[in-house]
Chemist: 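Would you mind keeping the following structure in view while I ask a few things?
Just the heavy atoms: all of them, side chains too, but no hydrogens, waters or symmetry mates, feed the values below. Keep in mind that this is a model prediction, so the values were computed, not measured. If you read the sequence from its start, that first residue is 1, and numbering goes on from there.
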Amino acid sequence: MSEHVPLSTLTTLRLGGPAEYLVECTSTDVLVEMIRLLDEQKVPVLLLAGGSNLVIGDDGFDGVVVRIATGEITVTESVVRADAGAVWDAVVEAAVTAGVGGLECLSGIPGSAGATPVQNVGAYGVEVGSLLRRVRLLDRRTGETGWVEPAALGLGYRTSILKHSDHAVVLEIELDVRADGMSAPLGYRELSVALGAEQGERRPTAQVRDHVLGLRRGKGMVLDPADHDTWSAGSFFTNPVVPDERLGGVLEAIASRVGPDVRIPQYPADGGTKLSAAWLIERAGFAKGFPGPEAPASLSTKHTLALTNRGDATTADLLALARQIRDRVEDVFGVRLHPEPVTVGCEI
Ligand SMILES: Cc1cc2nc3c(=O)[nH]c(=O)nc-3n(C[C@H](O)[C@H](O)[C@H](O)COP(=O)(O)OP(=O)(O)OC[C@H]3O[C@@H](n4cnc5c(N)ncnc54)[C@H](O)[C@@H]3O)c2cc1C
């Protein structure tokens, strides 16, 4: 167990004050025993794996940060199994290398396998929830471990019952894959255009992975320590879902700002219509790189939805920028943006 560890060294934003204690668990058995022990003693626990979806306050965390550092991955013709701490992109790469398909659209997403069900990670038309076969959990209320079906996890758009909850630890996941080495049906226009394919077509997994990684790099969405545009938590805001009864008023407010002939990106979603957070942020007046190169925290110069640390930022700097963006989008369009990352010891 280490003491006073700066959490900025463990998050992709490179932000966060000290952890009172940090313990690293490299085996699932040790992880289970550690959590049971800490829970028995009622010690505050923060689970952390890749630190790529966490905004931690400048005062850090008073308690024990449990770093999940397990890492085994096994691939068969029909199932990929990974320990919670396995690096997610290594899981995707192992599947592609073994010639099994299904995971390739989720290439390049930072973080761990165990965190993928937590917010039902998704990209390029695929969500992990559509691939999960089962998830092994430690139920912290009973101390018991067991496998659960994905239907029990309340998976939704960037959410599940595991997000913002201390009730369970993901220990391992299993994913269904295709044995024929072909991708999932392509469901995202930008990707099918890049591949010169039709929507719904399948392509060899390695080809799809290469294109996904290329598209993501162009947006600063593949981690690169030398590139401050990737010192982020990925998309900072989720795409807002506007309920039917409010949609007319919101579209009117948008049209009055951007003009009646501009096409507003909108997609059917559970509970209403999904709008593009990046589009709204840009139309509210925030360009890529806002507020400029001298600022400690700014929008990525490659993607309007990523808030980044330019090197010397504090969490307070980042949150001030987040509030400025959220508040102006709400003032102008009447739509409130909500953060996608989990906040610890701070609020937006
Ligand atoms: C450059 C960049 C690009 C990104 N692109 C995408 C994207 O395309 N799509 C997408 O969905 N996300 C994206 N993200 C967000 C992030 O990568 C994912 O949410 C990822 O799954 C987080 O994994 P992690 O291991 O880093 O989780 P952490 O940040 O360590 O933890 C996140 C949350 O999950 C909890 N947690 C972690 N592990 C477990 C576990 N085993 N059991 C229970 N709870 C746990 C933590 O306590 C915390 O609340 C991106 C992030 C970055 C930095």
Side-chain angles (χ1 to χ4, degrees), residues 25 28 31-32 35-36 39 45-54 66 68 70-75 78-92 95 102-107 109-178 184 187 233-235 237-241 268-272 274 338-344:
C25 297
T28 302
L31 173 62
V32 169
I35 298 287
R36 281 182 183 150
D39 285 348
V45 168
L46 170 62
L47 297 171
L48 182 148
S52 63
N53 212 30
L54 273 168
V66 174
I68 302 172
T70 52
E72 212 181 271
I73 301 167
T74 46
V75 180
S78 56
V79 181
V80 170
R81 193 207 63 81
D83 283 347
V87 172
W88 171 252
D89 195 52
V91 176
V92 178
L103 310 188
E104 54 291 324
C105 285
L106 302 178
S107 292
I109 298 180
S112 62
T116 60
V118 174
Q119 74 153 1
N120 188 18
V121 300
Y124 296 96
V126 173
E127 285 183 336
V128 80
S130 66
L131 302 161
L132 282 174
R133 182 191 184 93
R134 53 183 193 157
V135 173
R136 189 166 160 238
L137 298 179
L138 166 65
D139 186 328
R140 294 175 65 184
R141 294 161 297 187
T142 60
E144 298 296 313
T145 67
W147 289 95
V148 301
E149 305 279 319
L153 295 176
L155 298 161
Y157 165 59
R158 296 300 167 275
T159 193
S160 77
I161 58 165
L162 302 168
K163 199 169 176 181
H164 305 298
S165 156
D166 283 334
H167 289 167
V169 183
V170 176
L171 303 173
E172 334 173 26
I173 64 169
E174 284 184 354
L175 304 137
D176 288 315
V177 284
R178 301 165 52 88
S235 300
F237 296 105
T238 51
N239 291 319
V241 175
D270 279 352
K274 194 190 278 183
H338 296 282
E340 181 182 303
V342 174
T343 50
V344 175

Chemist: Restricting to salt bridge (Lys or Arg N to Asp or Glu O under 4.0 Å), what partner residues turn up for Arg36, sequence neighbours left out?
Modeler: Glu33
Chemist: Kindly give the heavy-atom pair with the smallest separation between Val92 and Ser107, and that separation in Å.
Modeler: CG1-OG, 3.4 Å
Chemist: Taking side-chain contact (heavy atoms from CB on, under 4.5 Å) as the definition, give me every residue that meets it alongside Glu340, ordered by chain and number, with sequence neighbours left out.
Modeler: Asn53, Gln119, Arg158, Lys163, Ser235, Thr238
Chemist: Go through it in stages, so that I can follow the logic: the residues are Glu127 and Leu155, the test is side-chain contact (heavy atoms from CB on, under 4.5 Å), and I'd like the CA-CA distance, side-chain angles, deciding distance and then a yes or no.
Modeler: CA-CA 10 Å; Glu127 285 183 336; Leu155 298 161; over 6 Å; no
Chemist: Closest heavy-atom contact between Ala95 and Val80?
Modeler: CB-CG2, 4.1 Å
Chemist: Quick check for you: to the nearest 0.5 Å, what is the distance between His164 atom NE2 and Thr343 atom OG1?
Modeler: 7.0 Å
Chemist: Please list, chain by chain and in numerical order, all residues satisfying side-chain contact (heavy atoms from CB on, under 4.5 Å) with Ala86, sequence neighbours excluded.
Modeler: Ile73, Ala82, Val91, Ala113
Chemist: How long is the straight-line distance from CG of Leu46 back to CG of Asp166, given to the nearest 0.5 Å?
Modeler: 9.0 Å
Chemist: Considering non-hydrogen atoms only, spot the tightest contact between Gly102 and Glu104 and give its length.
Modeler: N-OE1, 2.7 Å
Chemist: Please check if the side chain of Asn239 supplies one atom and the backbone of Lys274 the other of a donor-acceptor pair under 3.5 Å.
Modeler: no
Chemist: With sequence neighbours left out, what residues match Thr28 under side-chain contact (heavy atoms from CB on, under 4.5 Å)?
Modeler: Val32, Thr70, Asp83, Arg136, Leu171
Chemist: Go through the steps for Leu132 and Leu175 under the test side-chain contact (heavy atoms from CB on, under 4.5 Å), then give the verdict.
Modeler: CA-CA 4 Å; Leu132 282 174; Leu175 304 137; 3.8 Å; yes
Chemist: Contact between Pro150 and Val135 at the side-chain level, heavy atoms closer than 4.5 Å - yes or no?
Modeler: no
Chemist: If every non-hydrogen atom of Cys25 is compared with every non-hydrogen atom of Val66, which pair is closest and at what distance?
Modeler: SG-CG1, 3.9 Å
Chemist: Do the side chains of Ile68 and Ser112 get nearer than 4.5 Å, heavy atoms only?
Modeler: no
Chemist: According to side-chain contact (heavy atoms from CB on, under 4.5 Å), who are the partners of Thr116, at least two apart in sequence or on a separate chain?
Modeler: Trp88, Val121, Val128, Ile173
Chemist: Roughly how far apart are Leu131 CG and Glu174 CD, rounded to 0.5 Å?
Modeler: 13.5 Å
Chemist: Heavy atoms only: give me the nearest Gly129-Asn120 pair and the separation to one decimal.
Modeler: N-OD1, 2.8 Å
Chemist: Using side-chain contact (heavy atoms from CB on, under 4.5 Å), reason through Arg81 and Arg133 one step at a time and then give a plain yes or no.
Modeler: CA-CA 10 Å; Arg81 193 207 63 81; Arg133 182 191 184 93; over 6 Å; no
Chemist: As an exercise, state the distance from CG of Leu47 to CG of Leu138, rounded to the nearest 0.5 Å.
Modeler: 9.5 Å
Chemist: With side-chain contact (heavy atoms from CB on, under 4.5 Å) as the test, would you mind laying out the steps for Leu137 and Leu162 before giving the verdict?
Modeler: CA-CA 10 Å; Leu137 298 179; Leu162 302 168; 4.3 Å; yes
Chemist: Please report the closest heavy-atom contact between Leu153 and Pro117, naming both atoms and the distance.
Modeler: CD1-CB, 4.4 Å
Chemist: If the condition is ring pair (Phe, Tyr, Trp, His ring centres under 6.0 Å), which residues does Phe237 pass it with, not counting sequence neighbours?
Modeler: none
